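For the numbers below, each heavy atom of this structure counts, side chains included, while hydrogens, waters and symmetry mates do not. Just so we're clear, the structure is a prediction, and the values are computed from it rather than from any experiment. We name chains A, B, ... by the order of the sequence lines, and we start the count at 1 in each one.
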Amino acid sequence: MKKPQLFTFPDQNLLGEAPLSKTLSWLVALMVALMALALLFAVAVHQRAVFLHGQLADRLTVQIIEADPASRDRQKDTAVAILQTLPSVKSVHALSQQELEKLVEPWLGPDAESEITLPALVDFTILPHGNRQLIAEKIHRVAPSASLDDHGSSGAALLAFLDLVTGLLWGVIFSIAIATIAIIALAVRSAVNSCQDKIILLSLLGAERSRIAGLFRYKTGYAVLKGSIVGSGIAVLSAILCIRLLVALPTPILHSDNINFLPLFFIAFLPMVAVIIGVMTAHIIVLRMVEKK
Amino acid sequence: MSAIVQFDHVHFAYNAGTDILSDLNLTFLPGQFYFVTGASGAGKTSLLKMIYLALRPYRGTVRIFGEDIMTLPERYIPALRQRIGIVFQDFRLIPELNVFDNIALPLRLDRKKESFIRSTVGRILMQIDLPDKAFHFPETLSGGEQQRIAIARALIRRPEILVADEPTGNIDVGLATSILHLLSALSKRGMTVIMATHDTHLLDRVPGARHIRLGKKGRVESVALLDQWSPVK
Ligand SMILES: Nc1ncnc2c1ncn2[C@@H]1O[C@H](COP(=O)(O)OP(=O)(O)OP(=O)(O)O)[C@@H](O)[C@H]1O
Ligand SMILES: [Mg+2]
């Protein structure tokens, strides 16, 4: 009984059943799944870092803590006026009373305003070359109760951490790739070893070395292709599951409108890369082993 | 007539110091039938292995189809081997392939069309008297049946030289005789047959065959045309 095959190759039945162990496909599936997940995770973390960087890097807030409401509002207005005259300031936004209440509500409850004096807040963004020190001094001169909160510097530690995580993930991906090549190489070598008699026979029947290597190239490529398709399938499915869970959280960490699906398409290329690696490994190993005969 | 295989002062040893074949001088002519006999361990298989380029002498020259195998670049060896059919003493059938695919192997290596392969293999299965075993696997066959499949695989390409190591070792006299008739008919059509055997009583089944007797220390004891015994010094 011949099993139906996805791809045919003229030499595929020359040696009978695949001399490569079935375990190879499963190991490749596992490795590719791990690699794909690590890759997706690395891309996600990197994108998050880029996004945070864009949000925080140029944002500052003037905070005016003053018990006297009249003085507070006056200082706020002068700070806004000063900021609007500065060329290095991109945009200025003084938070309204409602916005402030909304900000503190989660911590203090709905009726916070009556008991606690809220500070005045002015958000503004600056151009990349803007001098924070100079801006701080200018504001301080007109609004003595003001302090400046630089989100960029407070976010720097988080960004550095995210960069470190991304770097580590690339290290993991690289290690898995090396391990995958090693697994393929070992599997091919043991297959070639177990087929030595047949290889010698083919060579005595007049088969060229490259032809014999071709048999193993095909078998390896097929096993790796099967494994890596399964592996990247598992990775893509679990990534989609994760995204759906994160979007469905009560306070979503992800919003469905800012998910980048491009990495998922990138995963589709992993099997091709794996097959190329597998085929090249098989070719080199078989040629070397046949040469020794 | 020029030699198809020529041995000149050939010395061969697996381990240095113990010659298996020493100072061998032999000429094989195209279209002739050669029996190689000698005691077990005399070096018959070793001699045949040199003809199919699996062993090389450590001294002397071996020419196959006029090519000196010592100086022949590696890349030309497959092409020479494709002109030689080999029946191995231990058959060397591929257990995972059925009879048909085993016999078809050399044609598949030559990338012949499947329709050609079907008709050629079908014909040879008739000649070896195993037409109904095409889809059986080697391990389900008797020793003699496996042997005939090994012969069929060696003949399927219509080689110029057939090297057969004990091709009748596992079959009864009747079958052996019919195999010999087949080989002798093929040799009359131009194929050179070089056959190692223990069965000296088979020699007279092939009129006109030559008989090479290997003696002690791998020396040729005699080369004779059938029934014309002529000892060689
Ligand atoms: N691979 C090997 N390594 C070392 N010695 C070997 C090897 N193969 C064969 N020999 C030795 O070489 C000698 C000749 O062996 P060979 O197989 O050529 O004999 P033979 O005439 O074919 O014997 P038989 O009739 O039993 O098949 C024997 O003494 C054998 O032990
Ligand atoms: Mg022998």
Engineer: Where on B:R75 is there a heavy atom nearer than 4.5 Å to chain A: the side chain, the backbone, both, or neither?
Structural biologist: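 Contact with chain A: none, neither part.
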Engineer: Near A:H46 NE2, under 6.0 Å, is it more than 12 heavy atoms from other residues, nucleotides or ligands?
Structural biologist: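 It does not: A:H46 NE2 has 12 such atoms or fewer within range.
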Engineer: To the nearest 0.5 Å, how far apart are CG in A:L204 and CZ in B:F88?
Structural biologist: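 With rounding to 0.5 Å, CG (A:L204) is 4.5 Å from CZ (B:F88).
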Engineer: Could you tell me whether the side chain of B:R81 and the main chain of A:S203 form a donor-acceptor pair under 3.5 Å?
Structural biologist: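 Flag set: sc B:R81 to bb A:S203 pair under 3.5 Å.
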Engineer: About how many Å separate CG of A:L202 and CZ of B:R108, when rounded to the nearest 0.5 Å?
Structural biologist: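 The CG atom of A:L202 is 12.5 Å from CZ of B:R108, to the nearest 0.5 Å.
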Engineer: Ignoring hydrogens, what is the shortest heavy-atom contact between B:R153 and A:L205? Give both atom names and the distance.
Structural biologist: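 Heavy atoms only, the tightest pair is CD-CD1, 4.5 Å.
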Engineer: Test side-chain contact (heavy atoms from CB on, under 4.5 Å) on B:R92 and A:D197; report intermediate values, then the result.
Structural biologist: CA-CA 8 Å; B:R92 301 207 198 170; A:D197 290 348; over 6 Å; no
Engineer: I'd like to know whether OH of B:Y14 has more than 12 heavy-atom contacts from other residues, nucleotides or ligands below 6.0 angstrom.
Structural biologist: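 More than 12 within 6.0 Å, yes.
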Engineer: Does CZ belonging to B:F137 count more than 12 external heavy atoms closer than 6.0 Å?
Structural biologist: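 For B:F137, atom CZ is crowded (more than 12 foreign heavy atoms under 6.0 Å).
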Engineer: Got a salt bridge between B:E96 and A:K198, using NZ or NE/NH1/NH2 to carboxylate O under 4.0 Å?
Structural biologist: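 A:K198 and B:E96: salt-bridged.
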Engineer: For B:Q82 and A:G206, which heavy atoms make the closest approach, and how far apart are they?
Structural biologist: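 Smallest interatomic distance, heavy atoms only, reads NE2-O, 2.7 Å.
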Engineer: Mark yes when over 12 heavy atoms from residues, nucleotides or ligands other than B:Y58 sit less than 6.0 Å from its OH; otherwise mark no.
Structural biologist: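 Above 12, so yes.
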Engineer: Is there side-chain contact between A:R209 and B:P78, with at least one heavy-atom pair below 4.5 Å?
Structural biologist: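 A side-chain contact is absent here, since even the closest heavy-atom pair is not under 4.5 Å.
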Engineer: Heavy-atom cut-off 4.5 Å, strictly under: side chain, backbone, both or neither for B:R83 against chain A?
Structural biologist: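 Neither the backbone nor the side chain of B:R83 comes within 4.5 Å of chain A.
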